[in-house]
There are 2 protein chains.
Amino acid sequence: MAQHKILIIDDDAELRETVSILLEREQFQPLQAADGSTGFDKALSLKPNLLLVDLRLPGMSGIEVCKQLRANRVTTPIIVLSAIEDEVDKVLLLEIGADDYVVKPFGTRELLARIRAVLRRSSDPEALVSRFGDVEVNTERRIITRNNKEVKVTPAEYNLLLFFMQNSDRVLTRDLILNSVWGYEFYPNTRTVDAHVVRLRQKFEQDPVIPRHILTVHGVGYRFLP
Amino acid sequence: MAQHKILIIDDDAELRETVSILLEREQFQPLQAADGSTGFDKALSLKPNLLLVDLRLPGMSGIEVCKQLRANRVTTPIIVLSAIEDEVDKVLLLEIGADDYVVKPFGTRELLARIRAVLRRSSDPEALVSRFGDVEVNTERRIITRNNKEVKVTPAEYNLLLFFMQNSDRVLTRDLILNSVWGYEFYPNTRTVDAHVVRLRQKFEQDPVIPRHILTVHGVGYRFLP
DNA sequence: GGTGCATTTACAACAAATTTACAAGTTCAC
DNA sequence: GTGAACTTGTAAATTTGTTGTAAATGCACC
């Protein structure tokens, strides 16, 4: 899955750092801004996929940042970070075009859940594109390109590749793959998986003989590395 | 890896049964509840690792179940099952602390993918990693690293090492090891164990001649020290 | 303590068995 | 018919059990 850029606009350096580390661990790309106007600039220039905005900011307030962005037709989803004593005004949030809010201090699980939810519902077409190596998968168009040239894949190949990408870095047994990709009613031979893997490698590996993405785990199954 | 318990709270008995069979097949342990209040009780008493909650439930609604659980500081991840006509209100989902949602009718693949994704997110990734000395075993990736460099192991070596780690500090006879790691039917020579121990030592002991982790108990068997 | 002897274990090399890669063939559905 | 998908034969790669031998250990006895 393509890495999402998330811009944190908050004057609390410690919070920015904590959240950044968290986001990085979850495969997001954190960006930071310490005050409203740099936040506004970076939101325009770096084109993040999501904004985390503190309402109380020195100088240009978070409210102002959001309003200005929306006035500039920036539709990037926004999650507002508000202090508990602020008594969040939901009408205000709507006005400034926020998508959600989290009350500080917040738990990491909560923040991540909200980030994921917002990203999912924001119909950012980038969210529907995943990459690995020189391969790009557009799930909306159901098209796979390699070096910007379309590569034709059969439905089975497409499903298998997507399953690999959705479960990257995990060892996947042939049985698990069959269950997940083919469904549990229908049971082709486990060697069928091998056959499809061969074809995927031929289409997407630089050197199919030395695969770098679809690895075999001898005696167990396969493992996909982006 | 401990089996994940998944509690299905839904009034549709057929759906519960179908999903249960599916989950069992995938090595999960399904639990069921037909209405909101039993669901709530079981969520507390059985301590499942994941909840599948239908929003429309007789009596106590799914929404209410989630809210009450969160109010009771239950952080078990929740996947909401919603009927297509419900027009999922995503803000509501966030409010009740849901981690994801699936629209009925759903495909088995989709449901499983989401279950796995949520479990992966909520589980402490460190929990899947064990260590001894400078060696790190990641059971999810099925990869062993030493000083952060991957060390390739064969299935037999991997199984044997894991058995040692799971039974550390105990004296293990060769017969016990054969039974546990190889199984009851198949009986290779007891010296086979020695051969594999030699290979493990060569890969993971600082000085294979003076092993500090896989110790031999002369005349009896082996003992593993982390 | 030291010595000699019987066991037990370590290790390397090898052959057998298993597993995977790949290609070609067959079946099935549209 | 055409293309996709499953099956299957076979070669190649990998793993694994076995075994011969050297080294280590335990032990009885001096």
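Quick note on labels: first sequence line is chain A, next is B, and so on, each numbered from 1. Quick caveat, the model's predicted, so the values are computed rather than measured.
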OP1 or OP2 of dT19(D) under 4.0 Å from side-chain N/O of R191(B): no
5′-ward residue of the pair P208(A)/G219(B) relative to DNA chain C: G219(B)
Atom pair distance, as rounded to whole Å: CD1 in I177(A) and P in dC6(D): 13 Å
Nearest-nucleotide pick for T216(A), side chain only, options being dT18(D), dT7(D), dT20(C): dT20(C)
Atom pair distance, as rounded to whole Å: CG in L160(A) and C1' in dA4(D): 15 Å
Selected nucleotide, minimal atom distance to P155(A) side chain, candidates dT7(D), dT8(C), dA4(D): dA4(D)
Rounded distance (Å) that lies between atom C1' of dT14(D) and atom OH of Y158(B): 19 Å
Out of dT9(C), dA21(C), dT15(D), whichever nucleotide has its closest atom nearest the side chain of R174(A): dA21(C)
Shortest side-chain distance from T154(A), nucleotide among dT8(C), dT18(D), dA5(D): dA5(D)
Interatomic distance where CD1 belongs to I214(B) and C1' belongs to dC11(C) [whole Å]: 15 Å
Any donor-acceptor pair under 3.5 Å from R146(A) side chain to K203(A) backbone: yes
side-chain contact (heavy atoms from CB on, under 4.5 Å) partner of K42(B), chosen from L7(B), I9(B), L51(B): L7(B)
Side chain to side chain donor-acceptor pair (under 3.5 Å) assessment of S20(B) paired with Q32(B): CA-CA 8 Å; S20(B) 292; Q32(B) 301 189 16; 2.7 Å; yes
Touch class at under 4.0 angstrom, heavy-atom based, for Y222(A) against every strand present: sugar-phosphate
Nearest-neighbour nucleotide for the P188(A) side chain, dT21(D), dC6(D), dA21(C) considered: dC6(D)
Whole-Å distance separating the CG atom of N189(B) from the C1' atom of dT19(D): 9 Å
Geometric cation-pi criterion R142(A) and Y158(A), 6.0 Å radius, 45° cone: yes
Check against ring-ring contact (aromatic ring centres under 6.0 Å, His included), F132(A) and F224(A): CA-CA 10 Å; F132(A) 67 91; F224(A) 178 84; 5.0 Å; yes
Nearest listed nucleotide, side chain of D194(A), among dT20(C), dC11(C), dA10(C): dT20(C)
Selection from dT16(D), dA21(C), dC11(C) that lies nearest to any side-chain heavy atom of Q202(B): dC11(C)
Separation of atom CG in N159(B) from atom P in dG17(D), rounded to whole Å: 11 Å
Under 4.0 angstrom between W182(B) side-chain N/O and dG17(D) OP1 or OP2: yes
Under 3.5 Å donor-acceptor pair, R199(A) side-chain atoms to dG3(D) base atoms: no
Any donor-acceptor N or O pair under 3.5 Å, side chains T145(A), N147(A): no
Angle between terminal axes - the helix from dG1(C)-dC30(D) to dC30(C)-dG1(D), 5 pairs each end, rounded to 10°: 40°
Atom pair distance, as rounded to whole Å: NE2 in H196(A) and P in dA21(C): 14 Å
Selected nucleotide, minimal atom distance to A195(A) side chain, candidates dA21(C), dT7(D), dA10(C): dT7(D)
Smallest separation among heavy atoms of T38(B) and A33(B), with atom names: C-CB, 4.1 Å
Nucleotide dT16(D), atom C1' - distance to NZ of K203(B) in whole Å: 12 Å
Steps toward salt bridge (Lys or Arg N to Asp or Glu O under 4.0 Å) verdict (R212(B), D207(B)): CA-CA 8 Å; R212(B) 295 176 51 79; D207(B) 180 357; over 6 Å; no
Sugar-phosphate only, base, or nothing, as touched by V153(B) at under 4.0 Å among non-hydrogen atoms: nothing
Nucleotide nearest H218(A) when distance is taken to its side chain, options dC11(C), dT8(C), dT14(D): dT14(D)
